[in-house]
Amino acid sequence: QVQLVESGGGLVQAGGSLRLSCTASGRTFSSYLMAWFRQAPGKEREFVAAISRGGGTTTEVDFVKGRFTISRDNAKNMVYLQMNSLKPEDTAVYYCAADPRGIWSARRWSLRASYDYWGQGTQVTVSS
């Protein structure tokens, strides 16, 4: 069983930055593919970014490219989402997710069903 706990959300003005963190329990964190998703009010949960087991490969959805960066520290069992140039449309609950199979595949990383473990989410609100 893996437990994920997000932190770092809050209220920020448009153009500002936030860094989200996700702490994972378990001894095999480095074998997990990790991702961030988000869910805005009245909308479905959507993929934001994913990172490979070793951290050497990342992918982000088009609408955050150049603004958001995912990273991880396997020694600390942590994954991060650095968010810059935030926009009001980035307002959402952000979730950390873990895929214990760790398979890096374009067919998998954006699918919610690929991830077995989810955190409780952290609220990000961007004011205009």
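For Lys87, the salt bridge (Lys or Arg N to Asp or Glu O under 4.0 Å) test picks out no residue, with sequence neighbours left out. Listed by chain and number, the residues in a side chain to side chain contact (heavy atoms under 4.5 Å, CB included) with Leu11 are Thr125, Ser127 (sequence neighbours excluded). Every side chain to side chain contact (heavy atoms under 4.5 Å, CB included) that Thr28 has, sequence neighbours left out, goes to Ser31, Tyr32. In this structure, the side chain to side chain contact (heavy atoms under 4.5 Å, CB included) partners of Val5, at least two apart in sequence or on a different chain, are Gln120. Listed by chain and number, the residues in a side-chain hydrogen bond (donor to acceptor under 3.5 Å, both in side chains) with Thr58 are Glu60 (sequence neighbours excluded). Gln39 is linked by a side-chain hydrogen bond (donor to acceptor under 3.5 Å, both in side chains) to Arg45, counting only residues two or more places apart in sequence or in another chain. Every residue was checked against the ring pair (Phe, Tyr, Trp, His ring centres under 6.0 Å) condition with Tyr95, not counting sequence neighbours, and none meets it. Evaluation of the side chain to side chain contact (heavy atoms under 4.5 Å, CB included) rule for Thr59 yields Phe47, Ala50, Trp104, Trp109 as partners, not counting sequence neighbours.
Taking the centre of each ring, Trp118 and Phe37 come in below the 6.0 Å mark.
Summarising the hydrophobic clusters (Ile, Leu, Val, Met, Phe, Trp, Tyr; side-chain heavy atoms under 4.5 Å, direct or chained), the residues clustered with Tyr80 are Met78.
Listed by first then second residue, pairs satisfying salt bridge (Lys or Arg N to Asp or Glu O under 4.0 Å) with a partner in residues 116-125 read Arg101-Asp116, not counting sequence neighbours. Legend: side-chain hydrogen bond (donor to acceptor under 3.5 Å, both in side chains) pairs involving residues 46-55, not counting sequence neighbours, sorted by first then second residue: Arg38-Glu46. Judged as a salt bridge (Lys or Arg N to Asp or Glu O under 4.0 Å), not a single pair has a partner in residues 4-20 (not counting sequence neighbours).
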